[in-house]
Amino acid sequence: MTTDKVKKPVARKLLLKLLGSRDDIQMNAATAVRVGALFGISQNNIRVTLNRLHSANLLSLVERGYYQLGQKGKQFAGEINQWRNAESLLTSWHNDWIVVQTSMLAKSDKKQQRHNTRALKLLGMQRLVNDMYVRPNNMKASVNEIRQKLLTVGLSKEALVFSACDFEQRIQQKACKLWNVERLEKHYREGIDELQQSLDSLSTMPLEDALIASYEVGDNAIHDLVFDPLLPAPLVNASLREQYRDLVKHYDDVGSQIWCQFLHG
């Protein structure tokens with residue numbers, strides 16, 4: 001597979017994902033440069049990124065000039081890998097909602113607005129009216145825990161986070177239709193097909209081609225699950241989502257084995 005056909009990832013993301021794919025993975029600069037070259041990333045870019053990640057304590061240097069995840073890097077990897085256990089954090093839904101009210105937030109702070117938007121997206125929130133965002137309250141976490149999670153991923157501390165129930169019928173029906181469920185379920189089905197087709201072909205590919213393919217397909221699938229709204233039944237086919245997530249887990253494990261084979265080859 002030639003690099004001009006490969007979508008070039010960000011060097012920082014590539015290195016952190018590689019080193020976080022298994023516990024205690026180590027990699028020297030020469031191998032990192034080799035990995036970068038597969039994706040069309042320059043040697044200089046890789047080396048500068050390694051230095052920056054080391055300075056930020058995301059990577060640490062071990063004996064013989066090998067890098068591994070530092071303490072902050074391990075924390076970052078743990079947060080990213082939370083998608084694997086997301087289904088276990090859900091509970092049955094009783095038609096109530098988590099609500100975030102943002103009307104008191106300054107519209108002039110564009111940077112904070114971007115953080116707010118991303119935090120709300122990560123929690124699967126959708127705008128109900130004006131500056132009020134909602135999601136089904138089908139999480140085991142308490143409202144305080146959900147509030148803290150939103151703050152951790154960037155929501156302004158001035159936002160109000162609370163639970164609500166007994167919406168009038170018109171508002172309840174509107175809230176239930178805020179997500180494009182048909183598109184979500186279509187995406188699950190297409191994702192299952194794509195992952196299965198890729199799994200069937202990985203074993204027949206040269207190692208470097210399998211490495212690139214597993215990274216691209218797996219990274220796209222994981223990104224989708226990180227931002228999945230985790231809607232409850234009957235709003236969405238939750239069993240179809242679980243089937244998709246289980247296959248992504250399996251694919252990620254296969255991809256990690258390919259990375260390890262490349263590193264130790």
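Everything quoted here is computed from the prediction, not taken from an experiment.
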Short question: side chain of [X], backbone of [Y] - any donor-acceptor pair under 3.5 Å?
| X | Y | value |
| --- | --- | --- |
| Thr102 | Ala159 | no |
| Asn237 | Leu240 | yes |
| Lys149 | Leu123 | no |
| Asn95 | Cys165 | no |
| Trp93 | Asp96 | yes |
| Gln112 | Gly154 | yes |
| Glu145 | Ser142 | yes |
| Asn138 | Leu230 | yes |

Nearest 0.5 Å, please: how far is [atom2] in [Y] from [atom1] in [X]?
| X | Y | atom1 | atom2 | result |
| --- | --- | --- | --- | --- |
| Leu211 | Cys260 | CG | SG | 10.5 Å |
| Asp166 | Gln172 | CG | CD | 9.0 Å |
| Leu59 | Arg52 | CG | CZ | 13.5 Å |

Any side-chain heavy-atom pair from [X] and [Y] closer than 4.5 angstrom?
| X | Y | value |
| --- | --- | --- |
| Ile192 | Gln243 | yes |
| Met132 | Val100 | no |
| Val99 | Ser163 | no |
| Arg135 | Leu120 | no |
| Ile41 | Val10 | no |
| Leu50 | Tyr67 | yes |
| Val254 | Leu202 | yes |
| Gln101 | Asp131 | yes |

For atom [atom1] of [X], is the number of surrounding heavy atoms from other residues, nucleotides or ligands below 6.0 Å larger than 12?
| X | atom1 | answer |
| --- | --- | --- |
| Asn144 | CG | yes |
| Lys249 | NZ | yes |
| Asp200 | CG | yes |
| Glu168 | CD | yes |

Check ion pair [X]-[Y] (N to O, under 4.0 angstrom):
| X | Y | result |
| --- | --- | --- |
| Glu182 | Lys186 | no |
| Asp246 | Arg241 | no |
| Asp252 | Arg245 | no |

Nearest non-hydrogen partners of [X] and [Y], listed with the distance:
| X | Y | value |
| --- | --- | --- |
| Val161 | Arg147 | O-NH2, 2.6 Å |
| Ala11 | Ile46 | CB-CD1, 4.2 Å |
| Leu184 | Pro229 | CD1-CG, 3.7 Å |
| Leu105 | Gln113 | CB-NE2, 4.3 Å |
| Arg127 | Leu178 | O-CD2, 3.4 Å |
| Glu208 | Leu38 | OE1-CD2, 3.4 Å |

[X]-[Y] co-clustered via ILVMFWY side chain contacts under 4.5 Å:
| X | Y | answer |
| --- | --- | --- |
| Phe167 | Phe162 | yes |
| Leu61 | Ile25 | yes |
| Trp83 | Phe227 | yes |
| Ile98 | Val129 | yes |
| Leu155 | Val143 | yes |

On the 0 to 90° scale, with breaks at 30° and 60°, tag the Trp179-Trp97 ring pair as parallel, tilted or perpendicular.
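Because their plane-to-plane angle is under 30°, the rings of Trp179 and Trp97 count as parallel.
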Aromatic ring pairing Tyr188/Tyr244, orientation class (parallel under 30°, perpendicular over 60°, tilted between):
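Judged by the thresholds at 30° and 60°, the geometry between Tyr188 and Tyr244 is tilted.
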So if I apply the side-chain hydrogen bond (donor to acceptor under 3.5 Å, both in side chains) rule between Tyr251 and each of Ser256, Ser214, Ser198, which one comes out positive?
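By the side-chain hydrogen bond (donor to acceptor under 3.5 Å, both in side chains) criterion, Tyr251 pairs with just one of Ser256, Ser214, Ser198: Ser198.
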After noting the C-alpha distance and the side-chain angles of Leu89 and Met139, does the key distance pass the side-chain contact (heavy atoms from CB on, under 4.5 Å) rule?
CA-CA 6 Å; Leu89 304 178; Met139 295 182 170; over 6 Å; no
Would you sort out whether Ser55 and Asn51 count as a side-chain hydrogen bond (donor to acceptor under 3.5 Å, both in side chains), showing the intermediate values?
CA-CA 6 Å; Ser55 297; Asn51 288 332; over 6 Å; no
For side-chain hydrogen bond (donor to acceptor under 3.5 Å, both in side chains), just list the numbers for Asn85 and Ser88, CA-CA rounded to whole Å, side-chain angles, deciding distance to a tenth of an Å, and then say yes or no.
CA-CA 6 Å; Asn85 302 314; Ser88 67; 5.2 Å; no
